[in-house]
S.K.: 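Dropping a structure here in structure tokens format, bear with me for questions.
Computed from heavy atoms alone, side chains included, the values below leave out hydrogens, waters and symmetry copies.
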Amino acid sequence: MSLSIYGRTKIQNLNLRFYNKLINGILNVDGTFYNISESESRGMEVSSTKKLKHLFIDVSASYVKSRDLTNKIDYNAFPRYTLNLGLGY
């Protein structure tokens with residue numbers, strides 16, 4: 001994880017990477033629950049915030065890959081890539 005904050009230019013940046021491994025997890029497929037041995041997820045999120053006088057601009061993007069290691073299949077319940085833009089005053 002890295003974090004950069006610049007006081008004079010009023011820019012904040014965040015870069016976060018993660019990895020999770022789950023053993024003895026439960027999977028819900030169409031309302032039916034299944035026990036699975038192992039699954040993992042990994043990804044990265046990058047975000048930046050800039051303040052311009054009375055306006056805030058937030059931009060973030062993320063990548064997440066989740067996989068059932070027992071059956072060797074990818075989870076497709078969530079989007080792999082996301083992009084967010086926010087404006088505030």
S.K.: Counting only pairs under 3.5 Å, give me each side-chain donor-acceptor contact of residues 54-67, with atom names and distances, residues two or more places apart or in other chains.
M.R.:
| residue | atom | partner | partner atom | Å |
| --- | --- | --- | --- | --- |
| D58 | OD1 | T49 | OG1 | 2.8 |
| S60 | OG | N84 | ND2 | 3.4 |
| S62 | OG | T82 | OG1 | 2.4 |
| R67 | NH1 | D74 | OD1 | 2.8 |
| R67 | NH2 | K72 | O | 3.3 |

S.K.: By side-chain contact (heavy atoms from CB on, under 4.5 Å), which residues pair with Y89, not counting sequence neighbours?
M.R.: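 By the side-chain contact (heavy atoms from CB on, under 4.5 Å) rule, Y89 matches no residue at all.
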
S.K.: Running the 4.5 Å side-chain criterion over Ile, Leu, Val, Met, Phe, Trp and Tyr, what cluster does I73 land in, apart from itself?
M.R.: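 Other cluster members: none.
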
S.K.: Can you find a heavy atom in the side chain of S41 that is under 4.5 Å from one in the side chain of N20?
M.R.: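 With C-beta onward as the side chain, the pair touches.
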
S.K.: Through direct or indirect side-chain contacts below 4.5 angstrom among Ile, Leu, Val, Met, Phe, Trp and Tyr, which residues connect to M44?
M.R.: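 Joined to M44, directly or through intermediates: V46.
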
S.K.: Which pairs pass salt bridge (Lys or Arg N to Asp or Glu O under 4.0 Å) with one or both residues in residues 19-40, sequence neighbours excluded?
M.R.: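 For residues 19-40, and leaving out neighbouring residues, the salt bridge (Lys or Arg N to Asp or Glu O under 4.0 Å) pairs sorted by first residue read K21-E38, E40-R42.
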
